[in-house]
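A short worksheet on the structure shown next.
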Amino acid sequence: MAHNIILVRHGEQLDAEHGVIDGPLSPRGVRQAIALGDRLGGLQISHAWHSPLERAWETVRVLGERLPSLSAEPSALLMDCVPSGKTDEVPSAFDPFFGSVTEAEVEAGSAQLSDAIAEFLAPGRQGHTDLLVTHNNVIAWFVREVLGAPEWKWVTLNQANCGITVIQQRPGRPWALVAHNDLGHLPVELRTGVPEGYGI
Ligand SMILES: O=C(O)[C@@H](CO)OP(=O)(O)O
């Protein structure tokens, strides 16, 4: 029996483009969450954990309207964070991003995601399908971890709002990436948070 983890980035946040740090979903974000709920409706989800930030728990609240038996709880391990900092390996194109991040933020983010990997990828949940509703950087870190990619590579990964990423561990095998940023449930006008030029 496999252990599946579905990683979902929250729906689009209202006014995020104005630099608001957190807040409710935009009307489009609500529609993304509804489409996600319809997509996940055929699955038996064992339990959901979500970031404590409003855009994440509101995504789960909307999901719950479509999936009434869904049990969910917040986890600080899924909070938005910066998982690693600038090193010699990181291409200079990322300097502006890392220049705006403090050492303390990186230290906290690195510790948080080390704990998150230990917690959520721990053995013993064979046969379960868990749902984690979280943030772009956190999903990127889980994908990087499963692929065994260099630490800094998370910064090159991007997931859309309410896109679906699935990792899976089958008995006796390592964790595997089964799907990345699956947007099949989202019509083009609901595909947000993707790199420019990917509105296909
Ligand atoms: O701020 C962002 O761009 C990302 C980083 O993880 O967060 P979120 O998924 O909350 O939009």
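All values below were derived from every heavy atom in this structure, side-chain atoms included, with hydrogens, water molecules and symmetry-related copies excluded. Position 1 is the first residue of the sequence; numbering continues from there. Both ligands and their constituent atoms are indexed starting at 1 by order of listing.
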(request) Go through the structure and list residues passing salt bridge (charged side-chain N to carboxylate O under 4.0 Å, His left out) with K86, not counting sequence neighbours. (result) D95

(message) Distance alone, cut at 3.5 Å: any donor-acceptor contact between the side chains of H180 and Q159?
(response) yes

(message) Measuring from non-hydrogen atoms of R55 to any atom of ligand 1, is the shortest distance under 4.0 Å?
(response) yes

(request) Starting from atom 3 (O) of ligand 1, find the nearest protein heavy-atom neighbour and note its residue, name and distance. (result) R9 NH2, 3.9 Å

(message) Among all protein heavy atoms in this structure, tell me which lies nearest to atom 8 (P) of ligand 1, with the distance rounded to 0.1 Å.
(response) H10 NE2, 3.1 Å

(message) More than 12 heavy atoms of other residues, nucleotides or ligands under 6.0 Å from CZ of R144: yes or no?
(response) yes

(request) Pick, from D22, L53, D80, the option with the minimum heavy-atom distance to atom 6 (O) of ligand 1. (result) D80

(request) Could you tell me how the ring of F120 sits relative to the ring of F142: parallel (under 30°), tilted (30 to 60°) or perpendicular (over 60°)? (result) tilted

(message) I need the atoms of ligand 1 closer than 4.0 Å to a non-hydrogen atom of H135, numbered in the order shown.
(response) 6 (O), 8 (P), 9 (O), 10 (O)

(request) Look at atom CD of Q126 and say whether more than 12 heavy atoms of other residues, nucleotides or ligands are closer to it than 6.0 Å. (result) yes

(request) For the residue pair H50 and T59, confirm or rule out a side-chain donor-acceptor distance under 3.5 Å. (result) no

(message) Can you name the atoms of ligand 1, numbered from 1 with element, that are less than 4.0 Å from a heavy atom of N137?
(response) 5 (C), 6 (O)

(message) Among all protein heavy atoms in this structure, tell me which lies nearest to atom 4 (C) of ligand 1, with the distance rounded to 0.1 Å.
(response) N136 CB, 3.8 Å

